[in-house]
Amino acid sequence: MATIFVAGRAVQSAEIKVSKSGAKYFSFDLADNGKTYTEFYEVHMNEHWQNVAKYIMKGKLVSVVGNPGMSAYLSKDGKPKVKATIFAT
């Protein structure tokens, strides 16, 4: 399985969510400012990361190691989009 390392700033504070199967996890968006453009990632952490998640606040510098995931969807205006996700390990 592939592993990815990303460092950037938290776009918002980590918030707890519940999956369709009932599992709790933390989620936040991460902005990685590259040389020519900014990449955005949605980061998911299971509830074992609870002590770390409380320190992830908007604007804080965060580094994440995890498994990458991608999903395609159509935006509200019908344009194809891709969402990059990191499942923290």
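- Annotation: side chain of Lys58 is not in contact with side chain of Phe28 (no heavy-atom distance under 4.5 Å).
- Note: Glu39 CD to Asn33 CG = 10.0 Å, rounded to the nearest 0.5 Å.
- Applying the 6.0 Å contact sphere to OH of Tyr73 captures more than 12 heavy atoms from other residues, nucleotides or ligands.
- One distance of note links NZ of Lys17 with CZ of Phe26; it measures 12.0 Å at 0.5 Å rounding.
- Side-chain contact between Met45 and Ile56 is present, with at least one heavy-atom pair separated by less than 4.5 Å.
- Residue Gln50 qualifies as open at atom CD: its count of foreign heavy atoms under 6.0 Å is 12 or below.
- Between Ser27 and Gln12, the shortest heavy-atom contact is O-NE2, 4.2 Å.
- Smallest separation of non-hydrogen atoms from Ser19 and Tyr25: N-CE2, 3.7 Å.
- Note: the hydrophobic cluster containing Phe87 does not contain Val6 (ILVMFWY, side chain heavy atoms under 4.5 Å, direct or indirect links).
- Within the 4.5 Å cutoff, the side chain of Tyr55 has no heavy atoms near those of the Lys60 side chain.
- Of all the heavy atoms in Met57 and Ala10, the pair that sits closest is O-CB, 3.4 Å.
- Closest of all the heavy-atom pairs between Ala31 and Thr38 is CB-CG2, 4.0 Å.
- A 4.5 Å side-chain heavy-atom check between Ile4 and Val65 finds every atom pair outside the cut-off.
- At a threshold of 4.5 Å between non-hydrogen side-chain atoms, the residues Ile86 and Pro68 do not count as touching.
- Heavy atoms only, all atoms of each residue included: Val64 and Ala88 are closest at CG1-CB, 4.3 Å.
- Atom-to-atom distance recorded for Asp29:CG and Arg9:CZ is 16.0 Å, nearest 0.5 angstrom.
- Grouping the Ile, Leu, Val, Met, Phe, Trp and Tyr side chains by contacts below 4.5 angstrom, directly or via other members, places Val62 with Ile16.
- Rounded to the nearest 0.5 angstrom, Leu74 CG and Lys79 NZ are separated by 12.0 Å.
- Rounded to the nearest 0.5 Å, atoms CG (Asp32) and OG (Ser63) are 11.5 Å apart.
- Trp49 and Tyr41 end up in the same hydrophobic cluster when Ile, Leu, Val, Met, Phe, Trp and Tyr side chains are linked at under 4.5 Å.
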